[in-house]
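This report concerns only the one structure given below.
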Number of protein chains: 2
Amino acid sequence: MTSPKTSLSARPVPPTIRDVAQAAGVSLGTVSKGLNGTGQLREETRARVRSAAERLGFRPNDLAQSLLRRRTFTVGLISTDRYGRFSIPVLEGIEDALGTARMSVFLCNGADDPARERQHIESLLAKRVDGIIVTARRADPRPPLDLVDGSVPILYAFAQVADVDALCLLPDDLGGGRLAGDHLIRAGRARIAHVTGPVDFEAVRHRRDGLKQAIMEHGLTWRPELVISGEWSEAWGREAVARLLATRQTIDAIFCGSDQIARGAVDALRDRGIAVPDDIAVVGFDNWEIIAAATRPPLTTVDMNLHELGRQAGLRMLDLIDGGGERGIVRLPCSLVVRASCGQGDKQNTGQAADRPLS
Amino acid sequence: MTSPKTSLSARPVPPTIRDVAQAAGVSLGTVSKGLNGTGQLREETRARVRSAAERLGFRPNDLAQSLLRRRTFTVGLISTDRYGRFSIPVLEGIEDALGTARMSVFLCNGADDPARERQHIESLLAKRVDGIIVTARRADPRPPLDLVDGSVPILYAFAQVADVDALCLLPDDLGGGRLAGDHLIRAGRARIAHVTGPVDFEAVRHRRDGLKQAIMEHGLTWRPELVISGEWSEAWGREAVARLLATRQTIDAIFCGSDQIARGAVDALRDRGIAVPDDIAVVGFDNWEIIAAATRPPLTTVDMNLHELGRQAGLRMLDLIDGGGERGIVRLPCSLVVRASCGQGDKQNTGQAADRPLS
DNA sequence: GATCACACGGAAAAGCTTTTCCTGATTTCA
DNA sequence: TGAAATCAGGAAAAGCTTTTCCGTGTGATC
């Protein structure tokens, strides 16, 4: 212990199964069996092995196990989300699903830099992860992961990809739009404006279409002139309100494409002395707590259930690893979180409403 | 592709060095030497090996390499940050520093659940990572990682820990407070209120002390009655402004303990027709873009340079791995990001000002 | 008392790569 | 031409664990 051979940089070397064998006075294989409850061992031997292992603080080396089993029980998550707003909930969901299967998840940050992403993938592949999940939404479908030879299953969660053979989990943006529209209409609103993000986002088009469906199904008139697109920012929300009011159209509600936009809109309305929700009701999208709860009044908003989406991703990844061949685009339901920006609304409308027809 | 032998779960098995050897007609060792540029090989042989490896898409198995080298070239990052607001910048910084050294970083999400954290650590240890970095700030110093036998270096980045032997990287909150105070004073403010978070956060106390230092060094009066603590929320920022104004004290500036608080304060001031920065200047803390830039006017705020903190963490982790024995608390400078909530201020004050005396 | 079955635990191989050591073959020099 | 030096590449071990296959020793049975 205190021998002179402990050099400056001495760090205790983790004990191997060999050390345990020696300490317990048995052979390597016996230790393995003893610890794993396999083979035929006397209970007394097993106990001796266990206590030796405990005493030494033995922890099997995953590298050796993985090498042998040809499974690492690990999946990699590649994200490009610089704020973590979306990836963290997805990560947590994945961990929920995979933790049960005793698998670990590691997040690598692509930072929207293809070279970096490439490097991460190289590294994950070299480490022989059992699967790779790609996340983080962009405007255009992202290119499928290159330099992948099919030796490992890939799954896109909250990411679109231009590859029909890929498995892709996305929120049901259309359903989310319907949910918002339906909620507003049930709250008695009939002239609903839609202030949203850049139209090159597929999600933007889907949310708009969802709103349109809700409106039409309720027998109301769809007014394309009340849809205006801009950036994903509060400033745009404010400007959009200015523009809408300038047109002198009557509106009694605004469905916003994101909570940031919604917050800008609410602020702009309050600045002008227009009451939310009494004069104009507002519904947001994202349920980004930090924004939605701080808005005055707090935002009623659509939640994409990213945690659940992550959980589904984890579950499906397990399938994929086991050889399941699912592919295509799967849409997961959004739900509505009712706060105050829309009146108290009909509370039942929360939940999986996207699944049932609105008729 | 469509042959009947491709069973349901068929997934191409990655080629091993053995396959390459066979394809190139040489021995295992020769392939290794050929690919790694070691040993004595004819250039022609080397080329043959390389081309065979290329053709087969050979990628060395990190598991085997790591097992042999007793190094995985991987560090684990444990976070408890549910929003990723802090961990993602830190992660990116770490990746910057470690990427250069050809090492990977994996983030695991502790989700503030000790059991889960434990499990992650177990897993990282079993995978024999070369180091573990712990992140995410809390009110109280967190307990040091248990179940760690010293076999792997630990570093706390943006996390306090109750263990004097640990290496701990933290932002210089005191310097940040000084920076804010100094900026306000140079902008001509003399009666500065401080609206901040819960006092059980060490950072809260440091920021306050920094402000106090700046005030005293400029020969102004420190007024403890102008310091009020609450939660980290916009609502608290709004309420605090109401309270401050109710006391009828004259104030011409507010230094807020976070951008969220600052935003609430600015909103409350505007609601009352008080001009920011003309009547009251406001400085925030965090430089959380999404909040600071959306505030009207945009917030001048202290940036903790978390990316740089992460980079430093990565660098120091490399030292630790190489046997360096650094320990203790290291404070890294904050900087000031000037926007509009404080007038244009003296622009020079940006940067590493925390390092130089303010006299 | 000899044979059989069974319980227990050891030996060894496999999984993949790197590195050390060693053997032939070739070249160099006397 | 023979000895020494150099070159090229093969063989094998190490790193750690699991699992299969065997070889003991014990008790039971005839």
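Throughout, protein chains are lettered first and strands after them, A, B, ... in sequence-line order, and every chain is numbered starting at 1.
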Q.
For A:Q65 and B:S32, find the nucleotide of DNA chain C closest to each by heavy atoms; which residue's nucleotide sits nearer the 5' end?
A.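 In this pair, the answer is A:Q65.
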Q: Indicate yes or no for a side-chain donor-acceptor contact from B:D113 to the backbone of B:A115 under 3.5 Å, with no hydrogens or angles considered.
A: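 Flag set: sc B:D113 to bb B:A115 pair under 3.5 Å.
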Where do [X] and [Y] come nearest, in terms of heavy atoms and distance?
| X | Y | answer |
| --- | --- | --- |
| A:V49 | A:A24 | CA-CB, 4.2 Å |
| A:T72 | B:K127 | O-NZ, 3.8 Å |
| A:G150 | B:P12 | O-CD, 3.5 Å |

(Q) Assess the residue pair A:D163 and A:R327 against the criterion (salt bridge (charged side-chain N to carboxylate O under 4.0 Å, His left out)); give the C-alpha distance rounded to whole Å, side-chain angles, the decisive distance to 0.1 Å, and a yes or no. (A) CA-CA 10 Å; A:D163 175 359; A:R327 57 182 59 178; over 6 Å; no
Q. Knowing that exactly one of B:N305, B:L309, B:L332 qualifies, which makes a side chain to side chain contact (heavy atoms under 4.5 Å, CB included) with B:P171?
A.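 Looking at B:N305, B:L309, B:L332, the match for B:P171 under the side chain to side chain contact (heavy atoms under 4.5 Å, CB included) is B:L309.
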Answer yes or no: are there more than 12 heavy-atom neighbours, outside [X] itself, under 6.0 Å from its atom [atom1]?
| X | atom1 | result |
| --- | --- | --- |
| A:E44 | CD | yes |
| A:Q22 | CD | no |
| A:E43 | CD | yes |
| B:R71 | CZ | yes |

(Q) According to ring pair (Phe, Tyr, Trp, His ring centres under 6.0 Å), who are the partners of B:F86, at least two apart in sequence or on a separate chain? (A)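 By the ring pair (Phe, Tyr, Trp, His ring centres under 6.0 Å) rule, B:F86 matches B:F158.
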Q. Sequence neighbours excluded, which residues qualify as ring pair (Phe, Tyr, Trp, His ring centres under 6.0 Å) partners of A:F106?
A.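 In terms of ring pair (Phe, Tyr, Trp, His ring centres under 6.0 Å), with neighbours along the sequence ignored, A:F106 is linked to B:F106.
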Q | Along DNA chain C, first and last positions that approach a heavy atom of chain B under 4.0 Å | A |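 Nucleotide range with atoms under 4.0 Å of chain B: C:dC16 to C:dT20.
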Q.
I need the residues from residues 39-50 of chain B with at least one non-hydrogen atom less than 4.0 Å from DNA chain D; give them sorted by number, or say none.
A.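 B:Q40, B:L41, B:R42, B:T45, in order of number.
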Q) Between residues 21-30 of chain A and DNA chain D, which residues have a heavy-atom gap below 4.0 Å? A)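 Heavy-atom contacts with DNA chain D come from A:L28, A:G29.
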(Q) So for the helix from C:dG1-D:dC30 to C:dA30-D:dT1, with five pairs setting each end axis, what is the inter-axis angle to 10°? (A)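 End-to-end axis angle for the helix from C:dG1-D:dC30 to C:dA30-D:dT1: 70°, rounded to 10°.
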